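Bear in mind that the values here come from a model prediction, so they are computed numbers and not experimental data. Because only heavy atoms are used, hydrogens play no part in the values below, and waters and symmetry mates are left out as well, while side chains stay in.
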Amino acid sequence: MKNGNYEYTGWKANGFMALALVLAGIAASIYAIKIGVDSDSTVVVLGAVLLLALCLMSTKGFILMEPNEARVLTFFGKYCGSFYNTGFWWINFLMSTKKISLRARNLNAEPIKVNDKTGNPVMIGMVLVWRLKRDEIYRAVFDIDVAANAQGMVSQSARMNMLESFVSVQSDAALRQVAGYYAYDNNDTTGDEVTLRSNSDEINEVLEMRLAERLAIAGIEVVEARINYLAYAPEIAAVMLRRQQADAIISAREKIVEGAVSMVKMALDRLADDGVVELDEERKAAMVTNLLVVLCGDEGAQPVVNAGTLHH
């Protein structure tokens, strides 16, 4: 017995030719019934009825295949292969066919709350494009359980809905796992460490790998996975915003102070060279110190009256 997915290689016929034969059989059986009744022949009537019943049952063997569709064929519970040929076909009507789509599907996962590497709660969402692998639809049909209807049958829509639910649950788990690998941003990291906010391409590659591992059991291929939403959780968003603003202000002040100090030193040196003022190194340092107090202070500068000299 073959294991796993394989293509159906059994007998099949062109659907239009088979349809013509079935219609001819139905017409012949009806005509035979009339003859049997007229001639009062029970054997002819019985044979014609059996032929008519066989023709009607054989209509169950017709299948219409569209591009990117497949049928999983079973014969009294035994897997007979997967049917991929597009068009109108007729196969053994005693076989059971399970229709399944190979077309791509989207999953736009709602943002979920997770903790990043440093323990900060963040909201993160993703978009996923997935489809069933052509050579692994056996897994999608027989390895993932689907609830049957009252007649004990499973429709294509029910099977695809169950697969979508499976993908949604596994995507949630993979997204939580990947988010826990990295910090939200560089505020809590050192060096060039990868973060959720600054290394989107690398994070997306890791996310695709984790999704592929989880969805392989269902024969699902990850076409693309991308993080499409990332933010701090509401309870800490305001605090983190103030922290980012403070960091930005400090960085800007450092640049301003560095430039201002450099300009003041150049101006003092030029004035000294021109003989306008004469300041020793101590006075220059004092002037630069006062400038730093003015630039770095959180409040406006206040005038100070100096009753003596810088040295007394």
Side-chain angles (χ1 to χ4, degrees), residues 4-5 68 70 100-146 156-241 243-244 247:
N5 189 84
N68 287 322
I100 197 162
S101 174
L102 302 178
R103 299 183 177 97
R105 291 177 177 246
N106 286 325
L107 171 66
N108 188 9
E110 293 295 328
I112 58 175
K113 183 188 295 185
V114 300
N115 291 331
D116 67 358
K117 183 180 179 181
T118 59
N120 293 323
V122 299
M123 300 296 295
I124 187 170
M126 63 170 290
V127 59
L128 169 66
V129 181
W130 63 277
R131 64 186 174 198
L132 293 174
K133 295 181 181 178
R134 174 184 171 89
D135 298 331
E136 295 190 17
I137 61 174
Y138 177 97
R139 292 178 176 271
V141 174
F142 296 111
D143 290 352
I144 304 298
D145 191 24
V146 182
Q156 180 191 12
S157 60
R159 180 171 288 104
M160 297 309 298
N161 289 339
M162 179 57 67
L163 288 173
E164 288 181 352
S165 176
F166 178 81
V167 170
S168 178
V169 172
Q170 296 303 320
S171 298
D172 183 281
L175 189 58
R176 292 178 183 275
Q177 181 182 14
V178 172
Y181 289 160
Y182 309 97
Y184 177 84
D185 55 25
N186 292 320
N187 290 331
D188 298 318
T189 62
T190 58
D192 298 329
E193 185 175 342
V194 177
T195 63
L196 294 172
R197 189 176 181 183
S198 61
N199 300 88
S200 58
D201 291 339
E202 185 170 346
I203 301 299
N204 291 332
E205 290 178 3
V206 176
L207 179 60
E208 289 183 6
M209 290 174 56
R210 294 295 173 266
L211 283 168
E213 293 172 358
R214 292 177 174 272
L215 299 179
I217 187 176
I220 294 174
E221 173 188 5
V222 177
V223 179
E224 184 182 20
R226 291 287 182 270
I227 293 176
N228 66 343
Y229 184 88
L230 182 64
Y232 279 115
E235 58 267 27
I236 68 167
V239 175
M240 290 302 178
L241 178 60
R243 177 180 174 182
Q244 291 174 357
D247 291 341

Open item on the list: Whether the side chain of N68 engages the backbone of R103 through a donor-acceptor N/O pair (distance < 3.5 Å, no angle test) should be reported.
Closed with: no

Open item on the list: How long is the straight-line distance from CG of D143 back to OH of Y138, given to the nearest 0.5 Å?
Closed with: 6.5 Å

- [ ] Only counting residues at least two apart or in another chain, list the ones meeting side-chain hydrogen bond (donor to acceptor under 3.5 Å, both in side chains) with R226.
- [x] E208

Open item on the list: Please identify which of these residues, R105, R131, R134, meets the salt bridge (charged side-chain N to carboxylate O under 4.0 Å, His left out) condition with E221.
Closed with: R131

TODO: Please name the pair of heavy atoms, one in R214 and one in A173, separated by the smallest distance, quoted to 0.1 Å.
DONE: NH1-CB, 3.5 Å

TODO: Report yes or no: does N106 contribute a side-chain atom to a donor-acceptor pair with the main-chain N or O of V129 at less than 3.5 Å?
DONE: no

Open item on the list: Minimum heavy-atom separation for Y182 and V194, please, with both atom names.
Closed with: CD2-O, 3.6 Å

- [ ] Please tell me if the side chains of L211 and S171 come closer than 4.5 Å, counting only heavy atoms from C-beta onward.
- [x] yes

- [ ] Could you tell me whether the side chain of N204 and the main chain of I227 form a donor-acceptor pair under 3.5 Å?
- [x] yes

TODO: Kindly indicate whether the side chain of L215, heavy atoms from C-beta on, has any atom under 4.5 Å from the side chain of F166.
DONE: yes

Task: CD1-CZ distance between I144 and R139, expressed to the nearest 0.5 angstrom - done: 9.5 Å

- [ ] For the residue pair W130 and L163, establish whether any side-chain heavy-atom pair is separated by less than 4.5 Å.
- [x] yes

Task: Flag side-chain contact, heavy atom, 4.5 Å: L175 against V114 - done: no

Open item on the list: So V178 and I124, do their side chains get closer than 4.5 Å, heavy atoms only?
Closed with: no

TODO: Can you measure from CZ (R197) to CG (D116) and round to the nearest 0.5 angstrom?
DONE: 12.5 Å

Task: Beyond-backbone contact of V122 with N115, side-chain heavy atoms, under 4.5 angstrom - done: no

Task: N161 (side chain) donor-acceptor with S157 (main chain) under 3.5 angstrom - done: yes

Task: Backbone N/O of K113 and side chain of R176: donor-acceptor pair under 3.5 Å - done: yes

- [ ] Enter the distance from L102:CG to K133:NZ here, rounded to the nearest 0.5 Å.
- [x] 13.0 Å

Task: Which residues share a salt bridge (Lys or Arg N to Asp or Glu O under 4.0 Å) with R210, sequence neighbours left out - done: E213

- [ ] Please report the shortest heavy-atom distance between M126 and N228, naming the atom on each side.
- [x] N-OD1, 3.0 Å

Open item on the list: Once rounded to the nearest 0.5 Å, what's the spacing between atom CD1 of I220 and atom CG of L128?
Closed with: 9.0 Å

Task: I100 and M160, any side-chain heavy atoms less than 4.5 Å apart - done: yes

TODO: Kindly give the heavy-atom pair with the smallest separation between L132 and S101, and that separation in Å.
DONE: CD1-O, 3.5 Å

Open item on the list: Is there a side-chain contact between L107 and E164 in this structure, where contact means two heavy atoms from C-beta onward sitting under 4.5 Å apart?
Closed with: no

- [ ] Using the test side-chain hydrogen bond (donor to acceptor under 3.5 Å, both in side chains), find all partners of E136 that sit at least two apart in sequence or belong to another chain.
- [x] none

